[in-house]
Amino acid sequence: MKYTQLGRTGLKVSRLVLGTMNFGPQTDEADSHAIMDAALDAGINFFDTANVYGWGENKGRTESIIGNWFAQGEGRRDKVVLATKVYGNMGADGPAWPNHDKLSAVNIRRAVDASLKRLQTDYIDVYQFHHIDRDTPFDEIWQAIDVLVQQGKILYVGSSNFPGYKIAQANEIAARRGGTIGLVSEQCLYNLAERRAEMEVVPAAQEYGLGVIPWSPLHGGLLGGVLKKEVEGKRRASGRAADALNDPATRAQIQSYEDLLDKHGVEPGEAALAWLLTRPGVTGPIVGPRTAEQLASAVRASELELSEELLTGLDEIFPGPGPSPEAFAW
């Protein structure tokens, strides 16, 4: 496994990030523990979760599964760079009780302590804001974070789903306050089929020294060989992928993508991950395996070298927006 620094920090992380969103809802605890053990064996040290994972009545379940795995000992916690998130309503579905969601100082304090308890650890390496909070000023947010850093409960702070201007605003206010490191990572939707992050988010992250952590690298399965699996009767597209394939132009685009990779003898899902690893500013994509084989495929992708011919072909099928601001200015 290859490693890199997380943004401008001294923290060294694997170029693949283990996503745990399926732990609980789709993968039971025993299999989740086996996947985490296999990830460590493969050299993956960066694990990502969120307080709301588990969803519905089971919010927090994913963090609890991870905490039970840490409790098995044998250096598991010390080997992992642990990232979790705060923002969502942790109560029953429906409107949140006042101050039980978003990024107020009171909710951040409550959410950190609850996550630490579920995770059975005394610190979180990277604490991420799951969404922007339009109601809470960054001065308040950073004040709350400063206290948690001083208490040793969190070490670094990242964002998720932030637009470029919010990354800039957050870090400018952090710099003005002094003594606050600011955001060190941004977790965003970014893949071959969805490249809008290249217009503002990735440039802002690079300018401010944030590592970019793409989520949904296969775009909901659309880039994982979905048409080939359909023909072979292995799996029908669902969710985002199924919706996209209802558009004839998108279906033709995905067919061209799969044909190109078949010509080069490369698995679609592995190519999509390997492509992200070539992109400027990318720390590593989040992979969310449901099985050990899916994890093994992701590990193979991290070692895959894509030829210039193949990279050019991928750009022709999935052209990016181009440099900013030219892409939207003229």
Side-chain angles (χ1 to χ4, degrees), residues 17-40 44 46-73 76-77 80-104 106-131 133 153-154 158-161 187 189 213 215-218 220-221 235 238-243 286-295 298:
V17 183
L18 181 68
T20 62
M21 188 170 66
N22 292 321
F23 293 177
Q26 297 190 45
T27 307
D28 66 24
E29 182 157 343
D31 287 342
S32 299
H33 287 184
I35 288 172
M36 287 187 280
D37 282 332
L40 278 190
I44 298 173
F46 198 3
F47 289 16
D48 176 76
T49 191
N51 60 353
V52 294
Y53 289 173
W55 309 111
E57 296 179 353
N58 295 310
K59 291 173 184 175
R61 175 62 179 149
T62 302
E63 285 188 332
S64 295
I65 288 172
I66 297 169
N68 292 339
W69 180 75
F70 284 148
Q72 295 177 21
R76 284 176 170 83
R77 177 64 187 96
V80 169
V81 174
L82 175 64
T84 192
K85 307 183 194 75
V86 58
Y87 180 86
N89 173 18
M90 289 299 290
D93 286 342
W97 186 258
N99 305 312
H100 279 65
D101 64 353
K102 300 186 179 179
L103 302 179
S104 68
V106 67
N107 189 57
I108 287 175
R109 176 181 176 179
R110 177 189 296 113
V112 165
D113 286 342
S115 284
L116 289 172
K117 184 177 181 179
R118 286 188 293 268
L119 290 163
Q120 300 188 51
T121 186
D122 56 4
Y123 72 100
I124 294 162
D125 296 284
V126 186
Y127 200 51
Q128 302 164 112
F129 307 136
H130 213 161
H131 199 279
D133 184 347
K153 293 181 178 180
I154 64 174
S159 58
S160 182
N161 306 309
Q187 191 176 128
L189 176 61
I213 306 170
W215 62 265
S216 195
L218 303 187
R235 185 181 176 190
S238 59
R240 181 185 299 153
D243 292 342
I286 297 174
V287 296
R290 293 187 299 275
T291 65
E293 174 49 39
Q294 289 177 344
L295 176 63

Point-to-point distance, once rounded to the nearest 0.5 Å, from [atom1] of [X] to [atom2] of [Y]:
| X | Y | atom1 | atom2 | result |
| --- | --- | --- | --- | --- |
| Ser115 | Lys85 | OG | NZ | 10.5 Å |
| Ser216 | Ile286 | OG | CD1 | 10.0 Å |
| Asp125 | Thr84 | CG | OG1 | 11.5 Å |
| Ile124 | Leu116 | CD1 | CG | 4.5 Å |

_Would the distance check show the side chain of Asn51 and the main-chain N or O of Gly60 forming a donor-acceptor pair, the cut-off being under 3.5 Å?_
no

_Backbone of Ser159 reached by a side-chain donor or acceptor of His130 within 3.5 Å_ = no

_Check whether Phe70 forms a cation-pi arrangement with Arg77 (NZ or CZ under 6.0 Å from the six-membered ring centre, at most 45° off the ring normal)._
yes

*Does the ring of Phe23 carry Arg290 above it, NZ/CZ under 6.0 angstrom from centre and within 45° of its axis?*
no

*Give the ring-plane orientation class for His131 versus Tyr87, where under 30° counts as parallel, over 60° as perpendicular and anything between as tilted.*
tilted

*In terms of side-chain heavy atoms, does Gln187 have a donor or acceptor partner in Asn161 at a distance below 3.5 Å?*
no

*asked:* Hydrogens and angles aside, do Asp48 and Trp215 bring a side-chain donor and acceptor to less than 3.5 Å of each other?
replied: no

*asked:* Counting only heavy atoms not in Arg109 (residues, nucleotides, ligands), do more than 12 fall under 6.0 Å from its CZ?
replied: no

_Carboxylate-amine/guanidinium contact Lys117 Glu63, below 4.0 Å_ = no

